[in-house]
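Read through the structure below, which is laid out as structure tokens, and then see the notes.
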Amino acid sequence: MHFLTEKQRGIALILVLWIVALLTVIAGNFVFAVRTDTVIAANQVSEARAQAYADAGIHRALYELFKPTADSTRWLANGAPHEWQFEDAKLKINLLDESGKIDLNTAAEPLLVGLLQSAGLDEEKANKLLNAILDWRDNDTLVRINGAEEAEYIAAGLKSLPTNEPFQTLEELQQVFGMTPAIYRAIVGTLTLHSRLPGINSAIAPREVLLAVPKVTAEQVDAYLLERQAALAANQPAPPFPLAASFSASDTGTVFNVRSEARMPDGSVFIREAVARLTREPKRPIAILSWKEGEAVTKEKST
């Protein structure tokens with residue numbers, strides 16, 4: 001019988017220890033990988049659920065539109081936030097008639113200038129950017145004073161060129177000559193492409209929209225909002241904003257913007273934004289005009 005020497009036993013012990021250590025490392029990596037995959041899968045499931053709940057929030061808001069106007073529980077399309085606990089998700093839903101926003105394609109020029117000034121631009125810069133916007137959406141290639149057509153974009157090394165037709169999406173506004181990310185973020189929430197009105201319905205317009213009315217002050221807007229809030233609390237019709245009379249437009253009540261934010265217990269958040277039009281078709285009472293993932297609201301001014 002062959003017996004191992006002390007030296008051989010020592011070497012064998014070392015090899016065994018190395019093998020055990022190696023197996024321990026492999027097992028640890030495997031456990032870590034499995035645990036990581038489990039966390040990733042759980043996050044994906046939570047995000048998918050948040051998306052589904054946010055979509056449900058959109059449908060809940062649209063359902064509210066079909067309630068009788070005499071129903072005291074009916075949500076008003078005035079942009080006020082509505083809290084809704086749906087199973088384990090907390091939802092914040094905003095419903096706004098698009099007539100409370102400024103139509104990028106049809107709004108009166110003074111209203112657009114006022115909007116740009118409310119974003120922090122002085123009158124000269126606001127008018128210059130307005131002319132670039134108008135040059136983008138008009139159907140000719142003539143350059144307005146301080147505006148921009150194809151030659152100006154090429155000279156500035158910009159890849160995008162004016163379409164010379166109405167804006168098809170609000171995101172397209174980012175490509176306009178002179179537009180900056182800060183200005184875009186400051187004004188995009190006040191804009192629409194669907195009201196097709198030259199003015200706004202001040203009775204439901206958000207504060208940021210009312211601040212775009214030329215020559216109004218923040219104090220005047222805030223005083224009016226308190227008056228409007230008091231009227232709604234007393235179940236009275238919201239009064240129009242007198243200082244916006246030159247830009248007033250009636251409530252069409254057919255196109256609505258809905259923003260639904262779903263927050264899960266683990267912190268997962270999904271935001272859905274949609275624009276829907278009510279139709280007269282019994283088989284298709286709602287037409288979805290826009291359906292996209294939303295972004296967190298940030299208030300940022302440009303100087």
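Computed from a predicted structure; not experimentally measured. These numbers come from the heavy atoms of this one structure, side chains and all, not from hydrogens, waters or symmetry mates.
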(request) For residues Phe167 and Val176, determine if any side-chain heavy atom of one lies less than 4.5 Å from a side-chain heavy atom of the other. (result) yes
(message) Grouping I, L, V, M, F, W and Y whenever their side-chain heavy atoms are under 4.5 Å apart, do Val143 and Leu134 come out in a common cluster?
(response) no
(request) Could you tell me whether a side-chain N or O of Ser118 sits under 3.5 Å from a main-chain N or O of Leu211, the two making a donor and an acceptor? (result) no
(message) On a heavy-atom basis, which atom in Ala244 and which in Ser202 lie closest, and how many Å separate them?
(response) CB-CB, 4.3 Å
(message) Quick check: is Phe247 connected to Leu225 through a chain of hydrophobic side chains (ILVMFWY, heavy atoms under 4.5 Å apart)?
(response) yes
(request) Any chance you could measure Arg74, atom CZ, to Thr69, atom OG1, to the nearest 0.5 Å? (result) 6.5 Å
(request) Say whether, by atom type as modelled, one donor and one acceptor occur between the side chain of Thr106 and the main chain of Leu197 under 3.5 angstrom. (result) yes
(message) Quick one, Glu149 with Asn164, criterion side chain to side chain donor-acceptor pair (under 3.5 Å). Give me CA distance, side-chain angles, the key distance, then yes/no.
(response) CA-CA 9 Å; Glu149 285 286 357; Asn164 295 123; 3.2 Å; yes
(message) Please find the pair of heavy atoms, one from Ile288 and one from Ala276, that lie closest to each other, and give the distance.
(response) CD1-CB, 4.0 Å
(request) Could you verify whether a donor N or O on one side chain and an acceptor N or O on the other, from Thr192 and Glu98, lie under 3.5 Å apart? (result) yes
(message) Check this for me: Arg144, atom CZ, are more than 12 non-hydrogen atoms of other residues, nucleotides or ligands nearer than 6.0 Å?
(response) yes
(request) Verify the cluster assignment for Phe66 and Ile58: are they in a single hydrophobic cluster under the rule of side-chain heavy atoms below 4.5 Å apart? (result) yes
(message) With a 4.5 Å cut-off on side-chain heavy atoms, are Val275 and Phe256 touching?
(response) no
(request) Would you give the length of the straight line joining atom CD1 of Ile204 to atom CG of Leu76, rounded to the nearest 0.5 angstrom? (result) 10.0 Å
(message) Take a 6.0 Å sphere around CD of Glu165 and say whether it holds more than 12 heavy atoms from other residues, nucleotides or ligands.
(response) yes
(message) If you apply the rule side chain to side chain contact (heavy atoms under 4.5 Å, CB included), what do you find for Val258 with Asn94, and how did you get there?
(response) CA-CA 6 Å; Val258 189; Asn94 300 79; over 6 Å; no
(message) Between Asp97 and Ala77 (side chain of the first, backbone of the second, donor and acceptor by atom type, cut-off under 3.5 Å), is there such a pair?
(response) no
(request) First locate atom CG of Asn78, then atom CG of Asn201, and finally report the distance between them rounded to the nearest 0.5 Å. (result) 10.5 Å
(message) Any heavy-atom pair between the side chains of Glu293 and Phe270 that's under 4.5 Å?
(response) yes
(request) Please check if the side chain of Asp103 supplies one atom and the backbone of Ser195 the other of a donor-acceptor pair under 3.5 Å. (result) yes
(request) Look at the aromatic rings of Trp75 and His82 and report parallel, tilted or perpendicular, splitting at 30° and 60°. (result) parallel
(request) Would you confirm whether Asp122, through its side chain, and Lys125, through its main-chain N or O, come within 3.5 Å as a donor-acceptor pair? (result) yes
(request) Applying side chain to side chain contact (heavy atoms under 4.5 Å, CB included), run through Val269 and Glu261 and close with a yes or a no. (result) CA-CA 7 Å; Val269 177; Glu261 177 180 313; 3.9 Å; yes
(message) Looking at Lys292 and Glu171, is any side-chain nitrogen of the basic one under 4.0 Å from a carboxylate oxygen of the acidic one?
(response) yes
(request) Locate the shortest heavy-atom distance separating Asp222 from Arg207; write the atom from each residue and the value. (result) OD1-NE, 2.6 Å
(request) Kindly compute the distance separating CG (Leu111) from OG (Ser246), expressed to the nearest 0.5 Å. (result) 10.5 Å
(request) With the side chain counted from C-beta on, respond yes when Asn257 and Glu273 share a heavy-atom pair under 4.5 Å apart, and no when they do not. (result) no
(message) Measuring only between side-chain heavy atoms, which start at C-beta, is Leu243 closer than 4.5 Å to Gln220?
(response) yes
(message) Using 0.5 Å steps for rounding, measure from the NZ atom of Lys92 to the CD1 atom of Ile271.
(response) 9.5 Å
(message) Would Leu116 and Ile187 count as a side chain to side chain contact (heavy atoms under 4.5 Å, CB included) here? Give the steps.
(response) CA-CA 7 Å; Leu116 295 172; Ile187 67 175; 4.0 Å; yes
(request) Would you sort out whether Trp136 and Glu172 count as a side chain to side chain donor-acceptor pair (under 3.5 Å), showing the intermediate values? (result) CA-CA 10 Å; Trp136 181 283; Glu172 194 177 332; 2.8 Å; yes
(request) Grab the two heavy atoms, one from Pro110 and one from Pro214, that are nearest each other, plus how far apart they are. (result) O-CG, 3.5 Å
(request) Kindly state each residue pair satisfying side-chain hydrogen bond (donor to acceptor under 3.5 Å, both in side chains) with at least one member in residues 52-67, sequence neighbours excluded. (result) Arg49-Tyr53, Tyr53-Glu87, Tyr53-Asp88, Asp55-Arg272, Arg60-Glu64, Glu64-Lys67, Lys67-Thr73
(request) Group every Ile, Leu, Val, Met, Phe, Trp and Tyr by side-chain heavy-atom contacts under 4.5 Å, then state whether Leu278 and Ile93 land in the same group. (result) yes
(request) Quick one: list whatever passes side-chain hydrogen bond (donor to acceptor under 3.5 Å, both in side chains) with Arg277, sequence neighbours left out. (result) none
(request) Determine whether Val216 and Leu210 fall in the same hydrophobic cluster, where Ile, Leu, Val, Met, Phe, Trp and Tyr are linked whenever their side-chain heavy atoms lie under 4.5 Å apart. (result) yes
(message) Under a 3.5 Å distance rule, please check whether Gln168 uses its side chain to pair with a backbone N or O of Pro166 as donor and acceptor.
(response) yes
(message) With a 4.5 Å cut-off on side-chain heavy atoms, are Leu161 and Ile154 touching?
(response) yes
(message) Minimum heavy-atom separation for Asp135 and Ala148, please, with both atom names.
(response) OD2-N, 2.9 Å
(message) To the closest 0.5 Å, what do you measure between CG (Asn146) and CZ (Phe177)?
(response) 10.5 Å
(message) Could you check whether any side-chain heavy atom of Pro239 comes within less than 4.5 Å of a side-chain heavy atom of Glu227, counting everything from C-beta outward?
(response) yes
(message) Through direct or indirect side-chain contacts below 4.5 angstrom among Ile, Leu, Val, Met, Phe, Trp and Tyr, which residues connect to Ile145?
(response) none
(request) Test side chain to side chain contact (heavy atoms under 4.5 Å, CB included) on Gln85 and Leu91 and set out the steps. (result) CA-CA 6 Å; Gln85 180 75 40; Leu91 287 92; over 6 Å; no
(request) Determine the minimum heavy-atom distance between Ala54 and Ser260, stating which atoms define it. (result) O-OG, 2.8 Å
